[in-house]
Structures are given as structure tokens and as C-alpha cells.
Asker: 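Submitted below is the structure of interest, expressed as C-alpha cells.
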Amino acid sequence: MIKVGVLAIQGAVAEHLELLNQIPDVCAQEVKYLDELNEIDGLIIPGGESTAIGRLLRDFNLLQPLKERILNGMPVWGTCAGMILLAKSLENDPTVHLGVMDITVERNAYGRQLGSFTTEVEIEKISSNKIPLVFIRAPYVTQVKSDVDILLEVNDHIVACQQKQMLATSFHPELTKDTSFHRYFINMIKQKA
Ligand SMILES: NC(=O)CC[C@H](N)C(=O)O
């Protein structure tokens with residue numbers, strides 16, 4: 001069994017757990033406390049509000065232990081706000097939360113009000129079927145360092161990328177019925193194991 005945690009501080013936690021539970025050999029669990037962080041093989045940081053999640057991570061004394069686990073090789077996937085938390089720098093914002101991925105991210109990059117949209121794409125590396133994408137006040141990546149793989153660009157903006165065992169997506173696969181990205185992340189964990 002692969003134990004996958006979903007950071008359960010704020011945001012789309014239940015939706016990730018539901019999709020993970022459809023994948024064989026996966027045991028999905030919420031992560032709120034340090035002992036739960038130590039039990040898992042990989043972690044999803046969900047969408048929500050990055051400032052709130054970052055502040056609560058600090059309040060719960062989880063920020064530093066989580067950062068250390070990621071730096072020691074634990075696979076991690078940040079969706080939307082999760083991508084912002086993973087970034088080493090943000091455009092027009094001095095805040096850095098976990099600061100583990102060599103990407104620069106712009107928050108609310110599509111605008112705050114009209115920034116929500118859906119589309120469908122093919123990503124050969126992830127699935128042979130078309131994948132639905134849901135963007136909600138989404139960020140995108142404006143700069144990457146050379147060892148970051150760009151998995152997807154939409155309208156010339158980077159919306160999915162991977163650096164070693166770290167995955168970041170601007171959109172929310174957990175708000176669709178499509179498990180392709182979750183399966184891809186599980187395979188990343190299996191390759192590390
Ligand atoms: N859907 C989301 O996760 C939105 C992220 C949010 N706009 C933020 O900056 O934190």
C-alpha cells in the first residue's frame with residue numbers, strides 16, 4: 001500500500017481524498033499534525049488560499065518539518081495554492097512559504113474575478129485521453145530553472161511542471177472525475193520507493 005497524505009489545513013481536501021481512494025493500492029489520509037506527516041510516502045497540497053495555508057502551516061509548526069521532508073526527497077504535488085506554497089519566489093510578492101521548487105509563480109495570474117475557466121488538453125506523458133482542466137483564480141509559472149520540466153502550457157503560460165519528485169499544477173484535477181494526474185503522482189511515489 002502507498003500512503004498518500006493530503007494536507008488538511010484548508011482548501012479542497014475531501015475532493016483529493018475521493019479521487020485517491022479510487023486508485024488501487026493507495027491509502028489516502030489527511031495530514032494535519034507532525035506525526036501524520038511522518039507516516040506518509042507522498043503529500044498533496046491542495047488548492048485553497050495560499051496566504052491562509054502558509055500562515056496555518058507556521059502556526060501548526062509544520063512549515064519547517066514539511067520543508068525538510070521534501071528536501072529529503074518526499075514526493076509532493078501542489079495544486080493551485082499548493083503550487084504557490086512550493087515556489088521559491090512569487091511575482092510582486094516577497095512572501096516565500098516552503099520555497100522548494102525552482103519556479104517563480106504569479107498569484108491570481110488570470111485576474112481575481114474573471115480568472116476561472118475550464119478547458120481540455122492532451123498530455124501524452126500523463127494520459128492517452130483528453131484531460132479536463134479547471135482553473136479557479138489560478139496562478140501560473142512565469143520562470144523556471146533549467147532542471148524543471150514543463151509538462152503543460154496553456155495560452156503560452158506554464159500551468160504544470162515537475163522538478164525531480166516535486167509536481168506543481170495551476171489547475172484542480174480533484175474538481176473533475178479524471179484521475180490521470182493522481183495516477184501520475186502515485187507513479188512518481190512508486191519510483192521513489
Ligand atoms: N484555487 C486556488 O487555489 C486559488 C489560489 C489563490 N488565488 C491564492 O493565491 O492562494
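Given the structure is predicted, the values throughout are model-derived calculations rather than measurements. Just so it is clear, the values below take in all heavy atoms, side chains as well, and ignore hydrogens, waters and symmetry mates. Counting starts at 1 for both ligands and their atoms, following the listed order.
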Asker: Could you list which atoms of ligand 1 come closer than 4.0 Å to a heavy atom of E49?
Answerer: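 Listed by number with element, the hits are 10 (O).
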Asker: Between C80 and ligand 1, is there a nitrogen or oxygen pair with a distance under 3.5 Å?
Answerer: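 N/O-N/O distance under 3.5 Å: no.
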Asker: Does atom NZ of K164 have more than 12 heavy-atom neighbours from other groups under 6.0 Å away?
Answerer: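 For K164, atom NZ is not crowded (no more than 12 foreign heavy atoms under 6.0 Å).
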Asker: Quick one: look up the protein heavy atom nearest atom 5 (C) of ligand 1 and list residue, atom name and how far away it is.
Answerer: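 The protein heavy atom lying closest is G48 O, 3.4 Å.
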Asker: For residues D102 and Q163, is any side-chain donor paired with an opposing acceptor at under 3.5 Å?
Answerer: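 The answer is yes; a qualifying pair exists.
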Asker: Within a distance under 4.0 Å of any heavy atom of N108, pick out the atoms of ligand 1 and give their elements.
Answerer: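 Within the 4.0 Å cut-off of N108, ligand 1 contributes 7 (N).
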Asker: Which heavy atom in S170 sits nearest to a heavy atom in A138, and how many Å separate them?
Answerer: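 Minimum heavy-atom separation between S170 and A138: O-CB, 3.5 Å.
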Asker: Looking only at distances, please establish whether an N/O atom of ligand 1 is found under 3.5 Å from an N/O atom of T79.
Answerer: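 No; the residue has no nitrogen or oxygen that sits under 3.5 Å from a nitrogen or oxygen of the ligand.
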Asker: So does N155 have more than 12 non-hydrogen atoms from other groups sitting under 6.0 Å from CG?
Answerer: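 No, because the 6.0 Å sphere around CG of N155 holds 12 heavy atoms or fewer from other groups.
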Asker: Is it true that, when you exclude E18 itself, more than 12 heavy atoms of the residues, nucleotides or ligands shown sit nearer than 6.0 Å to its CD?
Answerer: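 It does not: E18 CD has 12 such atoms or fewer within range.
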Asker: Do H157 and T142 have side-chain atoms, one donor and one acceptor, less than 3.5 Å apart?
Answerer: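 On atom types as modelled, these side chains do not qualify, holding no pair under 3.5 Å.
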Asker: Any idea which atoms of ligand 1 are less than 4.0 Å away from a heavy-atom of I84?
Answerer: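 Near I84, meaning under 4.0 Å from one of its heavy atoms, ligand 1 has 8 (C), 9 (O), 10 (O).
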Asker: Give me the residue, atom name and distance of the protein heavy atom closest to atom 9 (O) of ligand 1.
Answerer: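 Ranking protein heavy atoms by distance from atom 9 (O) of ligand 1, first comes R107 NE, 2.7 Å.
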Asker: Heavy atoms only: which of A109, G47, S50, A12 lies closest to atom 10 (O) of ligand 1?
Answerer: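 It is S50 that holds the nearest heavy atom.
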